[in-house]
Amino acid sequence: MKIEGSVVIVTGGAQGIGKAISKSLLTLGAKVCIADVNNVEGDKTVKELVDAYGNSVIFQQCDVTKDDDVRNAFKATTDTFGDVTITVNNAGILDEINFSRTIAVDLEAQIRCTMIALEFMGRNNGGKGGTIVFNASAAGIVPIGVMPVYAAVKHGLVGFVRSMAISPRIEDWGVRFNAVCPISVDTNLSREENLRKVVGDPVVLDQLLKGMKTAHSVILKPSDVAESVVKLIEDDSLNGKSLVVLEGKTIFVDPPVLDLQ
Ligand SMILES: NC(=O)c1ccc[n+]([C@@H]2O[C@H](COP(=O)([O-])OP(=O)(O)OC[C@H]3O[C@@H](n4cnc5c(N)ncnc54)[C@H](O)[C@@H]3O)[C@@H](O)[C@H]2O)c1
Ligand SMILES: CCCCC/C=C\C=C\[C@H](O)C/C=C\C/C=C\CCCC(=O)O
């Protein structure tokens, strides 16, 4: 679909990868609502983006674990810019200690945002249809021994995307679902200071920090992920796909489909 003139919500867009996605979409002519729980970073980012892109961007404080917040973000976006046609489910955390929170933010909330997005975007509900992109992770495709909870929720997210894409309601909604699955990206989430707080087991933490210093440990830029999100939005033939983002290349990974349905 064409990005120019589209109306987008980016969850977790105040910083990191979500901010880079918001910038790319604004550059391509979209109207963007950044929905993030962090109003300090959110206000700062929106000021910066308004300076560059004018009134095509708003900030809505939104905790994606709360139904009312998410619904209010969709309502504010629709009231300001018109029908939402693109949702980027990006907000996420990495916390192996408070694993319930990781499940709540990275999996349950992305499902919540999707269901509410369909209330606004679904053609069956008077919306215009469109597309929903999920920021999963390479940890949604391969096992990662140093962050099993994070890997579990990201695998769950990839399963959700693949399943929504073959829902019997897909034609009624007129919405496509795809996931971007990057390896490590240079953001607060992957910095040593954060990892020391969210990985409890010292042996695991030691291996994780050593692993990140090895020659083959690659750290992408947030803009590398934004490029792949743009590809998933623009190509209308893509539905239910997982696009792994590696250094200098991207690969669609389709786990095997067993004939069980
Ligand atoms: N950094 C990486 O290495 C990496 C790699 C692959 C995928 N990802 C995924 O990318 C996404 C973005 O992460 P990032 O690396 O940019 O991290 P980040 O910490 O820089 O940004 C995450 C953003 O999400 C927001 N957020 C957190 N909890 C929220 C909530 N409950 N409601 C609303 N907003 C909330 C934060 O305020 C922050 O602005 C996550 O889903 C993450 O799992 C990250
Ligand atoms: C090796 C772990 C690096 C950890 C960096 C911190 C947080 C990263 C979060 C990302 O979502 C991580 C995604 C995937 C991990 C990166 C590469 C895994 C490659 C595994 C493989 O080669 O099989």
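Ligands are counted one by one from 1 in listed order, and the atoms in each one are counted from 1 as well.
In terms of polar-atom proximity, defined here as any N/O pair under 3.5 Å, Ser137 does make such a contact with ligand 2. Below 3.5 Å of separation, one finds no N or O of Ser184 facing any N or O of ligand 2.
Applying the salt bridge (Lys or Arg N to Asp or Glu O under 4.0 Å) rule to Glu192 yields the partners Arg196, Lys213; only residues at least two apart in sequence or on another chain are considered. Glu108 meets the salt bridge (Lys or Arg N to Asp or Glu O under 4.0 Å) test with Arg112; sequence neighbours excluded.
Every atom of ligand 2 with a heavy atom of Leu208 under 4.0 Å away is listed here by number and element: 2 (C), 3 (C), 4 (C). Those atoms of ligand 2 that come under 4.0 Å of a heavy atom in Tyr150, given as number and element, are 9 (C), 10 (C), 11 (O). Heavy-atom proximity to Pro182, at under 4.0 Å, picks out these atoms of ligand 2: 13 (C).
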Side-chain polar contacts of residues 135-158 - donor-acceptor pairs under 3.5 angstrom, sequence neighbours left out - could you list them?
from	atom 1	to	atom 2	distance (Å)
Asn135	ND2	Asn90	OD1	2.8
Ser137	OG	Ala139	N	2.8
Lys154	NZ	Asn135	O	3.2
Lys154	NZ	Ala136	O	3.4
His155	ND1	Ala139	O	2.9
His155	ND1	Ala151	O	2.9

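Nearest approach of Ala73 to Ile9, heavy atoms of both residues: O-CD1, 3.8 Å.
Each of Gly12, Ala14, Gln15, Gly16, Ile17, Asp36, Val37, Asn38, Cys62, Asp63, Val64, Asn90, Ala91, Gly92, Ile93, Arg101, Val105, Asn135, Ala136, Ser137, Tyr150, Lys154, Pro182, Ile183, Ser184, Val185, Thr187, Asn188, Leu189, Ser190 has a non-hydrogen atom positioned under 4.0 Å from some atom of ligand 1.
Using a 4.0 Å cutoff on heavy atoms, Lys154 does not count as a contact of ligand 2.
The part of Ile144 lying near ligand 2 is the side chain, judged by heavy-atom distances below 4.0 Å.
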